[in-house]
Number of protein chains: 2
Amino acid sequence: MAIRPAEQLIHKAAWLYYAHGLRQDQVASQLNISRASVAMYLRKARETGIVNISTSTQLFTDDVMARRLEDALGLDAVWIAPENSHVPDPSTDIAVLAASVFLELVKKGDRIGVAWGRTIYTIADVMSYADLQDVTVVQLCGNLGAPYSYRPDQCTMEIARRLNAKGLNFYAPLVLSTEELARALRAEPVIREQLSDISDCDLALYSVGAVDADSHLVKCGALSSGEMAELRSRGAAGVIAGQIIDAEGKVLDCSYNRRVISAELASLRAIARRLMVVQEDSKFEPLLAAIAGGLCTHLVVGAHMAQRLLDHAGAAPKKAP
Amino acid sequence: MAIRPAEQLIHKAAWLYYAHGLRQDQVASQLNISRASVAMYLRKARETGIVNISTSTQLFTDDVMARRLEDALGLDAVWIAPENSHVPDPSTDIAVLAASVFLELVKKGDRIGVAWGRTIYTIADVMSYADLQDVTVVQLCGNLGAPYSYRPDQCTMEIARRLNAKGLNFYAPLVLSTEELARALRAEPVIREQLSDISDCDLALYSVGAVDADSHLVKCGALSSGEMAELRSRGAAGVIAGQIIDAEGKVLDCSYNRRVISAELASLRAIARRLMVVQEDSKFEPLLAAIAGGLCTHLVVGAHMAQRLLDHAGAAPKKAP
DNA sequence: CACGGCTCTCGACAAAAGTCAAATTGGGAT
DNA sequence: ATCCCAATTTGACTTTTGTCGAGAGCCGTG
């Protein structure tokens with residue numbers, strides 16, 4: 001029997017089945033193989049992105065609430081995942097939507113910046129495969145060691161794998177122990193280049209972290225929960241790509257931030273499309289901070305969060321009409 | 001029962017089925033309808049482009065011959081449909097490929113110019129549905145009356161319908177009986193605007209016609225076969241959007257061309273992506289003329305035609321190295 | 001050269017999806 | 001108000017598809 005079922009064959013089977021609309025048994029006889037093999041090839045074709053099945057996310061923007069949110073917050077586009085939905089696993093619902101939205105936003109030739117976190121990894125995990133060969137996925141911030149399976153480099157690589165794209169990693173720790181070392185490392189040519197190239201991205205994908213003891217920064221040991229509490233009292237409102245921001249979305253002036261290796265907020269803002277995805281209702285203040293800081297142009301949230309945002313925007317409308 | 005199964009429901013079913021990967025019976029119970037309805041909704045979802053199934057056309061560009069053709073002819077991209085293929089109906093093979101390529105080239109917000117002919121109509125006919133709401137499809141040339149089912153306006157409208165896009169028709173005859181009348185009509189504001197807007201298109205889709213008695217121009221009575229033969233002897237090499245071109249791809253200086261209402265070749269050349277599709281092997285010279293005239297940047301042909309083009313380009317290579 | 005390990009393939013079964021005619025329902029016309 | 005029409009829904013049936021374990025060819029190794 002054949003050594004490799006040759007990408008060629010998979011492609012041909014997919015072509016006959018999906019483009020010409022033949023039945024599997026017809027494809028099988030055309031190709032002189034068994035129906036079972038055809039079924040297997042077709043699965044592979046879907047898994048490798050040779051065929052693309054995507055559903056329009058239109059429905060979720062069409063929502064009146066989404067439109068109102070766009071206006072109220074000055075965002076380019078908002079998608080709202082219904083939460084009453086009878087979906088078996090509602091917790092991934094936002095992630096599934098976000099993955100679809102993300103795939104809809106990606107274009108050939110794009111350079112995509114990806115941050116890290118549970119949300120992002122969940123998105124990567126449910127994302128369907130696509131074949132975007134001249135796309136590059138770059139990591140937005142340094143690595144956090146150890147115990148998590150959704151480290152920055154893993155998020156980047158998984159998404160790159162799904163898109164059949166190039167993944168560009170970034171081998172520096174997210175946080176260093178002294179400001180001096182961080183400065184020195186940032187000055188390293190390899191690192192400096194990576195950081196400065198971030199503003200060349202066409203699309204960014206990130207979430208926002210909460211400033212509490214549940215934060216990955218605490219769980220990974222980058223900060224103690226005491227330090228976190230102190231930062232909070234000093235105005236910390238959220239975490240973006242490993243950096244702590246205040247309620248206005250500006251980098252908080254603190255030692256921790258000076259010890260971080262990550263994309264500067266200005267570089268992030270230079271990216272035309274910034275897709276922010278928030279799953280947890282508890283991240284209301286962090287999200288407000290990120291929006292205030294102009295860190296997001298496209299937003300995916302759940303219905304409950306959307307309602308809160310709308311109430312908030314209604315209560316405290318934008319300054320100038 | 002429900003008045004309208006509300007786009008909403010179709011969308012929801014498609015979402016649960018395709019994005020979440022539920023089975024039809026699961027979707028049915030979530031939505032409190034029967035499995036049969038779900039199946040029906042899903043078909044509608046595919047037909048309206050709410051879900052998109054596309055297969056990468058990579059395979060056909062990866063072909064070595066396609067690459068060599070691109071180089072030899074200076075085109076941006078070439079796709080070659082295999083002709084030995086055991087496909088049931090090989091004549092539509094090129095059209096199926098062309099439709100896929102076309103859908104891959106269309107982007108949101110595009111304005112697309114479409115010409116007419118059997119080839120184009122066949123493409124429209126096999127094209128799968130998509131949901132590109134802010135796309136406009138415009139007609140590149142005037143209408144030819146009567147006996148054909150693939151009139152310019154039909155090609156335009158059918159493609160617009162498939163894409164869920166806006167179709168912009170062009171209500172003028174393709175050919176008038178006097179040059180004077182043609183001039184007057186071209187000067188009409190409605191017509192003039194349409195013609196001058198053509199160069200704003202982002203993508204064009206057309207084929208090339210042969211200069212013989214089988215031409216639609218003859219069959220529709222725009223020209224007699226005697227006139228056609230005469231034009232041929234005067235250097236006519238092909239037909240583009242209803243206009244007759246010579247071997248260099250320039251508009252032939254003749255009364256017929258002066259009586260035509262159609263896009264100027266210069267406007268066509270101003271369109272960034274010009275997809276030309278040729279099905280018949282007999283259209284070799286017309287295709288050469290079109291390529292010489294720079295009327296095509298992207299090309300879909302059959303394997304046999306590709307070979308002839310390559311032989312030709314090898315025998316008479318491009319002027320400057 | 002025989003051996004496992006490997007991947008690919010096949011046939012048969014179980015599951016899922018597609019289809020049809022009949023029934024139901026709302027809306028509009030009489 | 002009532003009837004008719006067209007569209008939608010449904011349950012039952014058929015066809016198509018997905019999956020499993022067994023088997024067969026290929027490779028490197030002992």
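In the text below, chain A, chain B and the rest are named by the order of the sequence lines, each starting its count at 1. Side chains are part of it too, since the values below use all heavy atoms of this structure and drop only hydrogens, waters and symmetry mates.
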For [X] and [N], what is the distance between atoms [atom1] and [atom2] respectively, to the nearest whole Å?
| X | N | atom1 | atom2 | result |
| --- | --- | --- | --- | --- |
| A:Lys44 | C:dT9 | NZ | C1' | 11 Å |
| B:Arg43 | D:dT8 | CZ | C1' | 12 Å |
| B:Tyr41 | D:dT8 | OH | P | 8 Å |
| B:Ile10 | D:dT8 | CD1 | C1' | 11 Å |
| B:Ile33 | C:dT24 | CD1 | C1' | 16 Å |

Pairing residues for [X] by the side chain to side chain donor-acceptor pair (under 3.5 Å) criterion, not counting sequence neighbours:
| X | answer |
| --- | --- |
| A:Glu70 | none |
| A:Tyr17 | none |
| B:Asp76 | none |

Quiz item: Does a salt bridge link B:Glu47 with B:Lys44, judged by any charged N lying under 4.0 Å from a carboxylate O?
Solution: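 No.
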Exercise. Kindly say if B:Ser37 contacts the phosphate of D:dT10, meaning a side-chain N or O under 4.0 Å from OP1 or OP2.
Key: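 Yes, within the criterion.
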Quiz item: Going by the salt bridge (Lys or Arg N to Asp or Glu O under 4.0 Å) test, which pairs reach into residues 122-132 of chain A, not counting sequence neighbours?
Solution: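 Non-adjacent pairs meeting salt bridge (Lys or Arg N to Asp or Glu O under 4.0 Å): A:Asp125-A:Arg162.
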Exercise. Name all residues meeting the ring-ring contact (aromatic ring centres under 6.0 Å, His included) criterion together with B:Trp79; count only those two or more places apart in sequence or in a different chain, and write none if there are none.
Key: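 B:Trp79 satisfies ring-ring contact (aromatic ring centres under 6.0 Å, His included) with no residue once adjacent residues are dropped.
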Enumerate all atom pairs, one protein N or O and one N or O from nucleotides 15-18 of chain D, separated by less than 3.5 Å.
| unit_1 | atom_1 | unit_2 | atom_2 | d |
| --- | --- | --- | --- | --- |
| D:dT16 | OP1 | A:Arg23 | NE | 2.6 |
| D:dT16 | OP1 | A:Arg23 | NH1 | 3.1 |
| D:dT16 | OP1 | A:Arg23 | NH2 | 3.2 |
| D:dT17 | OP1 | A:Tyr17 | OH | 3.0 |
| D:dT17 | OP2 | A:Gln24 | N | 2.9 |
| D:dG18 | OP2 | A:Gln24 | NE2 | 2.3 |

